[in-house]
Amino acid sequence: MEFRPILNALMRNKTGLLLIALQVAITLAIVCNSVFIILQRIEKVNRPSGMDEKALFTITSLGFAPDFDLRGSLRQDLDALRSIPGVIDATTINSVPLSNGGWSEGITTLPESVPEDQRKNTPTSIYIVDDHGVNTLGVHLVAGRNFTADDVSYRSRDDKGTPNSVIVTQALAEQLYPDGNALGKPIYSGLGGKGSSSTIVGIVERLQAPWVGWDKVEHALLVPQYQDGEFDNSARYLVRTDAARRDEIMKEAERKLGEINTGRIVRGLQSVEEVRGESYRQDRAMTIVLTTVIFSLLAVTGLGIVGMVSFWVTRRVKQIGTRRALGARRFDIRRYFMIENVIVVGVGIALGLLLTYGFNLWLMKHYELPRLAWYYAPLGALTVLLLGQLAVFGPATRASRVSPAVATRTV
């Protein structure tokens, strides 16, 4: 089939051509970048935290009685929690991973005697736990050892104490010591005062920071300490249970802590699954919104093509009838309109590819999104092209059914 007659026909409908092409271009640009963002969000929401999330819950104690003994309460509460049937382990913890609230610190591998411009601070999240912390979190120790009871000290407002031992994540270990020999090496931080040092005694495979949007989310440091009233008489506990009995044990833990000491408030009972759900709520909401936008745009574009081609068919009834009278088959008429649509959509795709990468560059600049992978644009173009062919098939089929007699009746 000659393309020149098709192009000549399209040039007589420049407005319709430009409208459909522009609609296709905008749809392609938005769909490609939206799909890219959705997949990024899904990957972010589903990334592993390193913990035994389904088996974990947190509960907080806040003492208000004048004679409330936090140090004694810590020991008593932990013994009580660990004694509940179905509890695997329990620990104190200053903040919960994935909770979007916690403590970070800059650490370095060089002592304070080295000039500051030569010391590189590496940011990390800090989890203050006891010798049951690793087992309670359910993280996998890949090198070194766990904390012992002798490693655990008390941290108060007046005496922060310098932890002799720390455990780091594999990502943090590789950042601090790229040669792979982090175990047994020192780190320097402000954990126990300015310039204090601790030794890396263990490395866990993975543990996420509290802030799910942080670019250093795999940087985590476990410190063996009890918080002895550093800020108030509060203590947060993390409890690991038999996952099938978690909800039942949560109620029992709340009841038991309430009975042990009436001079405090027991609150903040929450599973880590709920913590994760709250932290990633915005990401899930954005995924739903963008998915709705994608399907809406594709539907509107498809309907626009259907409407425009139907209009063209109505205006060309005499022309179609004449072609049929001259021997054109139904297949030829249908093919004519489908090729015409390929040309129109092709113009939109060409413009849309420029808009797609331009939109991505804008997102990279203003929202720090990564560069769009090369295959998104061609896959998006193919999707839009197939959508156009699907949309035009109905009107093209109706056009192919025009009787040759129409040509003579409309002379």
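Count residues from 1 along the sequence.
Using a 3.5 Å distance cut-off with no hydrogens or angles, the side chains of S61 and R264 do pair a donor with an acceptor. For the residue pair E218/Q170, the side-chain donor-acceptor check at 3.5 Å is not satisfied. At a cut-off of 3.5 Å, with distance as the only test, a side-chain donor of T301 or T27 sits close to an acceptor on the other residue. Under 3.5 Å, the side chains of R398 and S310 contain a donor-acceptor pair of N or O atoms. A side-chain donor-acceptor contact under 3.5 Å links S73 and D77.
Residues Q227 and L70 share a closest heavy-atom pair of O-CD2, 3.5 Å. Looking at every heavy atom in both residues, T356 comes nearest to A29 through OG1-CA, 3.2 Å. When every heavy atom of P186 is checked against every heavy atom of Y177, the shortest pair comes out as O-OH, 2.6 Å. Listed here is the closest heavy atom pair of P48 and R206: O-CD, 3.1 Å. Contact between F147 and D130 at its shortest, heavy atoms only, is CD1-O, 4.0 Å. Closest non-hydrogen pair, V402 versus I320, comes out as CB-CG2, 3.7 Å.
Residues Q225 and Y154 fail the side-chain proximity criterion, which asks for heavy atoms closer than 4.5 Å. Between Y188 and T109, the closest side-chain pair of non-hydrogen atoms is not below 4.5 Å. Residues I294 and S34 are in side-chain contact: their nearest non-hydrogen atoms beyond the backbone lie under 4.5 Å apart. Between V293 and I30, the closest side-chain pair of non-hydrogen atoms falls below 4.5 Å. For the pair R75/Y226, a side-chain contact is recorded, criterion being any heavy-atom separation below 4.5 Å from C-beta on. V239 is listed as a side-chain neighbour of V87, based on a closest heavy-atom distance under 4.5 Å. At least one side-chain heavy atom of V345 sits under 4.5 Å from a side-chain heavy atom of I305. The shortest side-chain heavy-atom distance between I88 and D242 does not fall under the 4.5 Å cut-off.
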Side chain to side chain contact (heavy atoms under 4.5 Å, CB included) between Q76 and L74, intermediate numbers included: CA-CA 6 Å; Q76 192 176 26; L74 287 172; over 6 Å; no
Candidate pair V142 and V204, rule side chain to side chain contact (heavy atoms under 4.5 Å, CB included), full reasoning: CA-CA 5 Å; V142 294; V204 295; 6.0 Å; no
Test log, rule salt bridge (charged side-chain N to carboxylate O under 4.0 Å, His left out), inputs D283 and R41: CA-CA 6 Å; D283 295 287; R41 297 285 173 167; 2.4 Å; yes
Pair I167-I200, side chain to side chain contact (heavy atoms under 4.5 Å, CB included): steps then yes or no: CA-CA 6 Å; I167 294 175; I200 299 174; over 6 Å; no
Stepwise side chain to side chain contact (heavy atoms under 4.5 Å, CB included) test for V129 and V223: CA-CA 6 Å; V129 298; V223 178; over 6 Å; no
Step-by-step salt bridge (charged side-chain N to carboxylate O under 4.0 Å, His left out) determination, R255 to E259: CA-CA 6 Å; R255 184 193 66 78; E259 291 178 351; 2.6 Å; yes
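Note that OG1 of T92 is 6.0 Å distant from CG of L78, once rounded to the nearest 0.5 Å. If you take CD on E205 and CG on L141, they are separated by 10.5 Å, rounding to the nearest 0.5 Å. Atom CD1 of I37 is separated from atom CG of N360 by 8.5 Å, given to the nearest 0.5 angstrom. If you take OG1 on T136 and CG on D52, they are separated by 10.5 Å, rounding to the nearest 0.5 Å. Rounded to the nearest 0.5 angstrom, S400 OG and R330 CZ are separated by 6.0 Å. To the nearest 0.5 Å, atom NZ of residue K44 and atom OH of residue Y280 are 6.5 Å apart.
Not a single donor-acceptor pair under 3.5 Å links the side chain of S198 to the backbone N or O of I187. Judged purely by atom type and a 3.5 angstrom limit, E274 uses its side chain to pair as donor or acceptor with the backbone of S271. Between the N94 side chain and the G102 main chain, no donor and acceptor come within less than 3.5 Å of each other. N100 places a side-chain N or O within donor-acceptor distance of the main-chain N or O of V212, the cut-off being under 3.5 Å. In this structure, R240 contributes its side chain and L137 its backbone to no donor-acceptor pair below 3.5 Å. Judged by distance alone, with hydrogens and angles left aside, the side-chain atoms of S279 form no donor-acceptor pair with the main-chain N or O of R276 at under 3.5 Å. The backbone N or O of P123 sits less than 3.5 Å from a side-chain atom of H219, completing a donor-acceptor pair. Between the side chain of N341 and the backbone N or O of G388, at least one donor-acceptor pair lies under 3.5 Å. Looking at S99, its side chain does come within 3.5 Å of a backbone N or O of G101 through a donor-acceptor pair. Remark: side-chain polar atoms of E273 are not paired, donor with acceptor, to backbone N or O of L56 under 3.5 angstrom.
Ring to ring, Y367 and W362 are close: their centroids are under 6.0 angstrom apart.
With sequence neighbours excluded, no residue forms a salt bridge (Lys or Arg N to Asp or Glu O under 4.0 Å) with K185. Evaluation of the ring-ring contact (aromatic ring centres under 6.0 Å, His included) rule for F36 yields Y376 as partners, not counting sequence neighbours.
Between E340 and R316 there is a salt bridge, with a side-chain nitrogen of the basic residue lying less than 4.0 Å from a carboxylate oxygen of the acidic one. Salt bridge R335/D332: present, at least one basic N to carboxylate O contact under 4.0 Å.
For the side-chain hydrogen bond (donor to acceptor under 3.5 Å, both in side chains) with T148, the lone residue among D151, D150, N146 that qualifies is D151. With L176 as reference, I107 is the one residue of T108, T124, I107 to meet the side chain to side chain contact (heavy atoms under 4.5 Å, CB included) rule.
In the displayed structure, R47 atom CZ is contacted under 6.0 Å by more than 12 heavy atoms of other residues, nucleotides or ligands. Within 6.0 Å of CE on M364 lie more than 12 heavy atoms contributed by other residues, nucleotides or ligands. More than 12 non-hydrogen atoms from other residues, nucleotides or ligands lie less than 6.0 angstrom from CZ of R145.
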